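What's counted below: heavy atoms across the whole structure, side chains too, no hydrogens, waters or symmetry copies. The model shown is predicted, which means the values in this text are computed figures rather than measured ones.
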Amino acid sequence: MTLRTETTTPLSPTAPAPRPASAPASAPDGVSYSGLLERVRYEGAYPTRERAEESVSAVLAALGRQLVGDERVELAARLPVEAALTFTAQVPATTPLTGWEFVKDLARRTGGSPATTRWDVGAVLAPVARLAGPELVDRIVDQLPSGYALLFGRAELRPPRSTTRTTRTAHAARTARPFADRGAA
């Protein structure tokens, strides 16, 4: 897919020249959409480029429904144009899903099993994480509920977020006096 852009305003002397319509759209580090598809095809051991493209489209659209704010904008800027368009075309959900809920929702939308969908998510997010860089991936994982670190190919090193006051109060009581339940003071 080649995107053609037309400019109706004059370019400033410091603005980069527009890319010819025949040039492949690529991410800032030079990875084209075709290159991303090949990386995903390799990661996922997909038999065809078309199968890799299906996974890229589905996973990036699903991630686009979860991510908001500066992290969303920065990730879109680091993706090849075609991938960024798929990612940003989605309206973010009002309540983000956990990593496992993300996989189950995507499986439901694509008609796949949770196991194959988890494979697809990992095959897409591993190369996306390399494009994003470790600092941005850290911020993305921090923004989202638990379970996304594993989807990006990382260990989940933070405790799950507490959502209720009761859970936080109980946790605070346990950490303040860890041996209180054993009779030690």
Side-chain angles (χ1 to χ4, degrees), residues 1-6 16 18-19 21 23-46 48-112 114 116-154 156:
M1 176 171 139
T2 302
L3 297 177
R4 295 173 192 229
T5 59
E6 293 182 22
R19 183 176 35 238
S26 61
D29 75 349
V31 174
S32 66
Y33 185 64
S34 179
L36 175 62
L37 292 179
E38 285 306 312
R39 287 182 181 181
V40 170
R41 184 176 176 192
Y42 176 79
E43 290 280 339
Y46 298 124
T48 64
R49 178 186 157 113
E50 290 74 24
R51 178 63 182 94
E53 189 167 19
E54 289 172 13
S55 292
V56 167
S57 294
V59 172
L60 288 179
L63 186 61
R65 289 189 290 276
Q66 301 303 308
L67 201 56
V68 297
D70 291 342
E71 291 76 16
R72 178 184 174 95
V73 173
E74 286 184 44
L75 180 58
R78 295 181 191 190
L79 294 171
V81 173
E82 296 90 336
L85 289 172
T86 300
F87 172 68
T88 58
Q90 305 303 310
V91 176
T94 55
T95 305
L97 303 172
T98 66
W100 178 236
E101 291 169 337
F102 174 83
V103 170
K104 290 191 304 187
D105 179 64
L106 186 56
R108 183 184 54 75
R109 289 174 186 265
T110 61
T116 58
T117 302
R118 170 60 183 93
W119 179 270
D120 293 342
V121 169
V124 173
L125 293 185
V128 166
R130 285 192 293 277
L131 286 173
E135 185 269 329
L136 179 55
V137 173
D138 287 343
R139 290 182 14 231
I140 289 170
V141 168
D142 285 344
Q143 181 191 113
L144 296 168
S146 67
Y148 283 87
L150 293 173
L151 299 178
F152 278 97
R154 297 172 162 220
E156 184 84 36

Within the structure provided, determine whether L37 and V56 are in side-chain contact (heavy-atom separation under 4.5 Å). yes
ask   = Would R39 and V31 satisfy side chain to side chain contact (heavy atoms under 4.5 Å, CB included), going step by step from the backbone distance to the final call?
value = CA-CA 10 Å; R39 287 182 181 181; V31 174; 3.6 Å; yes
*Side chain proximity check, P96 to V68, heavy atoms < 4.5 angstrom*: no
inquiry  = With side chain to side chain contact (heavy atoms under 4.5 Å, CB included) as the criterion, how do R109 and R65 come out once you've worked through the C-alpha distance, each side chain's angles and the decisive distance to 0.1 Å?
reply    = CA-CA 13 Å; R109 289 174 186 265; R65 289 189 290 276; 3.2 Å; yes
All heavy atoms of P145 vs all of L97, minimum pair found to be CG-O, 3.5 Å
In this structure, CG of L60 is separated from CG of L85 (nearest 0.5 Å) by 11.0 Å
Between R154 and V137 the two heavy atoms that sit nearest each other are NE-CG1, 3.4 Å
Side-chain heavy atoms of L75 within contact of L63, under 4.5 Å: yes
Q. Can any side-chain N or O of E156 pair as donor or acceptor with the backbone N or O of G147 at less than 3.5 Å?
A. yes
> Can any side-chain N or O of R49 pair as donor or acceptor with the backbone N or O of R41 at less than 3.5 Å?
Replying inline: no
Legend entry - Any side-chain heavy-atom pair of R118 and L151 under 4.5 Å: yes
- So do R130 and L36 actually touch side chain to side chain, heavy atoms under 4.5 Å? no
Practice problem: Test side chain to side chain contact (heavy atoms under 4.5 Å, CB included) on Q90 and L67 and set out the steps. | Solution: CA-CA 10 Å; Q90 305 303 310; L67 201 56; over 6 Å; no
On a heavy-atom basis, the closest approach of Y33 and P80 is N-CB, 3.6 Å
In short, A58 meets L106 closest at the heavy-atom pair O-CD1, 3.6 Å
Worksheet entry | Whether E43 side chain and G122 backbone form a donor-acceptor pair below 3.5 Å | no
**Study point:** Any side-chain heavy-atom pair of F102 and V121 under 4.5 Å
**Key:** yes
- When you look at V40 and Y46, which way does the side chain to side chain contact (heavy atoms under 4.5 Å, CB included) test go after all the steps? CA-CA 8 Å; V40 170; Y46 298 124; 3.8 Å; yes
Interatomic distance, CD@E53 vs OG@S57, rounded to 0.5 Å, equals 5.5 Å
Nearest heavy-atom approach of V141 to A149 is CG1-CB, 3.8 Å
**Prompt:** Thinking salt bridges, do E74 and R78 make one under a 4.0 Å N-O criterion?
**Reply:** yes
Heavy-atom closest pair (G44 atom, W119 atom, distance to 0.1 Å) is O-NE1, 2.9 Å
Could you check if a side-chain atom of L125 sits within less than 4.5 angstrom of a side-chain atom of Y148, using non-hydrogen atoms only? no
